[in-house]
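Okay, so here's the structure we're looking at.
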Amino acid sequence: MGASALPPLLVAAVLMAATAAMTVEDSAPDNIQPLSTLNLSAAQVAMDSSSAIHASPDVLGKDGEDSAWVTVNFTTPSPSSDHWIGLFSPADLTSGIGSSKVAGEGDGPAALPVAPIKYKLGNSEPNFLRTGGGNTSFLVINQRSDYAFGLFAGGKDNPKLLAVSNKISFANPKAPVFPRLSQGKQWDEMAVTWTSGYTMDEAYPFVEWRMKGEETSKRTPAGTLTFTRGHLCGDPARGQGYRDPGFIHTAFLKDLWPNREYSYQIGHELQDGTVAWGKAATFRASPYPGQASLQRVVVFGDMGLGAMDGSSELQGFQPGAQVTTDRLVKDLPNYDAVFHIGDLSYANGFLAQWDQFTAQIEPIASKVPYMVASGNHERTYMDTGGFYNGNDSHGECGVPAETYFYVPAAAHRGKFWYAADYGMFRFCVGDTEHDWRPGTEQHAFLDACFAGADRKHQPWLVFLAHRPLGYSSNDFYAEEGSFAEPMGRALQPLWQRHRVDLAIYGHVHNYERTCPVYENTCTVKGKDKQSSYAGAMGGTIHVVAGTGGAKLRSYAGGAWPQWSVARNESFGYVKLTASDHSSMRFEFIHSDDGAVHDAFTITRDYKDIMACAVDSCAPHTLAN
């Protein structure tokens, strides 16, 4: 579906937020969440009987849909570029502000209780400034409560609530929504996770599923998790950004047959025996570890939210998120699994955005495993046991990401490192927000994960993590004099000893690929030899692919480091393809046109993997 013209109120807000986000990002690696630019603590009720706002339809999802387009009509007698429209849920948005005041009778009580889910600027409607009226469309998803739209004056700095719309709601606000797949701890398990408004006392969550060709289905019960303000670490996540997350359910479908197609449907059995069903979908089970078949895996980081309805000035915050999502949906028949390596939703403490993100990726994540890694915008918060002491998560401290998404973590999801086998690939996923250096629990895990790959049968060994622990000539790393995350290369001895083929990172919002490299030196020399590798490589190829959608960044000025062989400042994703044990193809694909803009192949035999390179073999004797 295409987006309708932006509402007048939202357009102005969007443009202002986009400008602010771009300005800040040009001077710092962090983005600014547009919702944080709304000065909600200064909000006042100034109800104006000559202003009005109305939403239709008032009942959504009558046929079980989990999203719907809502038309919003609005009018005010003195239009300006400072008007905006916000979508709020729950619908009683004035309850935390106090009793309403009539415009012109003095200031109303201050502070909105919660942030809007999304907003638009009034002058996004072309005729608003001339006529004082307009209409726009919002894409609304089922988030377990009712909704209302507010019409505001005063801009983002001094919001004044002029009018509140009628309430709208979904036919079943508690319905199970947005299924997302991930691999379980065993290769023949698939975890199905979804969100609903049902407590365990109200209804039993389950997945009904069967293998293609089978006549009977089986049901697998799901576990249920949630979190509260008390689980979070600071504002805005604990304050105006907080929203009840509902209940997150996960069921494990086990003993799957390799490469077989399965159908499934999420549901909740109510106390009276009836079932509230969610969407039905299909997936293909993973191949057996080491199995030779066509295997295609997508990797990227740093996507965030798109906005099909043009809301919340996301075009300035995450200008490529919708483009990448749309490309991945279109290309779905051509890959088998996704690894989104950190900086997932960029909710930055505004928790309603997590529902929005799971809705955005549902067309992908309901059909192929959508594996995630922890990034700074998910986890980093001061004095919470992480490796970094900033506030990039804006109070979330990992809780929403670790609850909304299942990963097969070795211990628990608070320690976000894990192994994933997909046929001839082994992926070892690190957590750069926790210490990875020698002597730590994570270092021991990574050592064991790399060592656990039987390279006869799983020749393609890949390390994934959010922050670049290897090589990146991004501008802020150049300023630090590190060309990588400080202390990141403490893992180089592991990569070399275990002959890791690829290390792929996000965090930096551009694309860059190195030669096979060890200790800052190319082990395959020559720019003309970097598109096809044959035999032993002698080092690891490092790739930065934080190109999922967040605003792109530039590279360091001056000459390229000798290890940097390919760069591309575009939105896109990496695709790995293997069909046998001796060859693997790597591609960087642009989101906008689906074209391949960088590629190489690796061709080799098992003996090439085992061949000794610098520091890759233990000391040995030449005696025979």
Side-chain angles (χ1 to χ4, degrees), residues 61 64-67 141-142 144 170 172-226 245-287 332 336-338 354-355 357-359 361-372 402-409 413 418 420 422:
E65 301 92 341
D66 52 27
S67 64
I141 66 168
N142 191 344
R144 304 169 302 282
F170 279 82
N172 180 6
K174 294 186 176 184
V177 292
F178 317 132
R180 40 207 182 265
L181 303 173
S182 57
Q183 282 196 286
K185 290 190 176 182
Q186 303 298 322
W187 70 270
D188 59 352
E189 288 182 7
M190 190 70 76
V192 184
T193 300
W194 70 96
T195 309
S196 86
Y198 289 115
T199 68
M200 288 291 288
D201 292 334
E202 293 177 294
Y204 296 102
F206 66 89
V207 176
E208 186 167 284
W209 58 289
R210 65 179 179 177
M211 187 166 62
K212 183 178 180 180
E214 289 183 335
E215 294 184 359
T216 58
S217 299
K218 61 188 78 174
R219 287 187 177 181
T220 297
T224 298
L225 297 173
T226 190
F247 300 94
I248 294 88
H249 316 279
T250 300
F252 297 93
L253 315 186
K254 300 185 177 184
D255 298 323
L256 304 177
W257 290 30
N259 278 351
R260 292 296 296 269
E261 186 176 336
Y262 288 81
S263 60
Y264 73 97
Q265 189 170 15
I266 56 176
H268 291 254
E269 183 179 291
L270 281 65
Q271 296 296 331
D272 63 3
T274 61
V275 173
W277 291 104
K279 284 183 178 178
T282 63
F283 68 85
R284 187 171 296 278
S286 301
L332 193 56
D336 307 300
V338 170
W354 281 101
D355 284 316
F357 181 73
T358 57
I361 65 169
E362 185 270 339
I364 305 162
S366 62
K367 297 176 177 63
V368 299
Y370 197 97
M371 312 298 292
V372 299
E402 293 162 13
T403 309
Y404 276 102
F405 288 90
Y406 172 81
V407 296
R413 283 180 255 179
Y418 63 92
Y422 194 85

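We number each residue from 1, following the sequence as shown.
In summary, the side chains of Thr199 and Asp201 do not present any donor paired with an acceptor at a separation below 3.5 Å, with no hydrogens or angles considered.
Taking the ring pair (Phe, Tyr, Trp, His ring centres under 6.0 Å) definition, one finds that Phe178 meets it with nothing, sequence neighbours left out. Looking at residues two or more places apart in sequence or on another chain, you find a side chain to side chain contact (heavy atoms under 4.5 Å, CB included) between Asn172 and Lys174, Ala175, Tyr198, Ala276. By the ring pair (Phe, Tyr, Trp, His ring centres under 6.0 Å) test, Trp277 is found to be paired with Phe206, residues two or more places apart in sequence or in another chain being considered. Partners of Ala222 by side chain to side chain contact (heavy atoms under 4.5 Å, CB included), not counting sequence neighbours, listed by chain and number: Trp194, Pro205, His249, Ala251. For the side chain to side chain contact (heavy atoms under 4.5 Å, CB included) test, no residue two or more places apart in sequence or in another chain qualifies with Thr216.
Atoms CG and OH, on Leu181 and Tyr264 in that order, are 4.0 Å from each other to the nearest 0.5 Å. Between the CG atom in Asp336 and the OH atom in Tyr422 there is a gap of 3.5 Å [rounded to 0.5 Å]. Remark: Glu208 CD to Ile266 CD1 distance equals 12.5 Å, nearest 0.5 Å. From Leu332, atom CG reaches atom NZ of Lys367 across 6.5 Å, with rounding to the nearest 0.5 Å. Interatomic distance, NZ of Lys212 versus OG of Ser263, reported as 10.0 Å (0.5 Å rounding). The CD1 atom of Ile141 lies 6.0 Å from the OG1 atom of Thr358; values are rounded to the nearest 0.5 Å.
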Determine, step by step, whether Arg413 and Leu225 satisfy the side-chain contact (heavy atoms from CB on, under 4.5 Å) criterion, reporting the C-alpha distance in whole Å, the side-chain angles of both residues, the deciding distance to 0.1 Å, and the verdict. CA-CA 12 Å; Arg413 283 180 255 179; Leu225 297 173; 3.5 Å; yes
Would Phe283 and Leu256 count as a side-chain contact (heavy atoms from CB on, under 4.5 Å) here? Give the steps. CA-CA 11 Å; Phe283 68 85; Leu256 304 177; 3.9 Å; yes
As a quick check of understanding, evaluate side-chain contact (heavy atoms from CB on, under 4.5 Å) for Tyr418 and Met371, giving each step before the final call. CA-CA 10 Å; Tyr418 63 92; Met371 312 298 292; 3.5 Å; yes
Begin with the C-alpha distance, continue with both residues' side-chain angles, and end with the deciding distance and a verdict on side-chain contact (heavy atoms from CB on, under 4.5 Å) for Ser366 and Lys279. CA-CA 9 Å; Ser366 62; Lys279 284 183 178 178; over 6 Å; no
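For Ala285 against Tyr262, the heavy-atom pair with the smallest separation is CB-CE1, 4.0 Å. Residue Gly197 comes nearest to Glu202 through the heavy atom pair O-OE1, 3.7 Å, listed as atom of the first residue, atom of the second, then distance. For the residue pair Met190 and Arg284, the shortest heavy atom distance occurs at CE-O, 4.2 Å. For His268 against Ser196, the heavy-atom pair with the smallest separation is CE1-OG, 3.3 Å.
No donor-acceptor distance shorter than 3.5 angstrom exists from the side chain of Asp255 to the backbone of Trp257, with no hydrogens or angles considered.
Using a 4.5 Å heavy-atom threshold, the side chains of Phe405 and Ile248 count as separate.
For Phe252 and Tyr406, the ring centers are positioned less than 6.0 Å apart.
Sorted by first and then second residue, the side chain to side chain donor-acceptor pair (under 3.5 Å) pairs with a member in residues 177-193 read Arg180-Thr195, Gln183-Ser286, Thr193-Thr250; sequence neighbours excluded.
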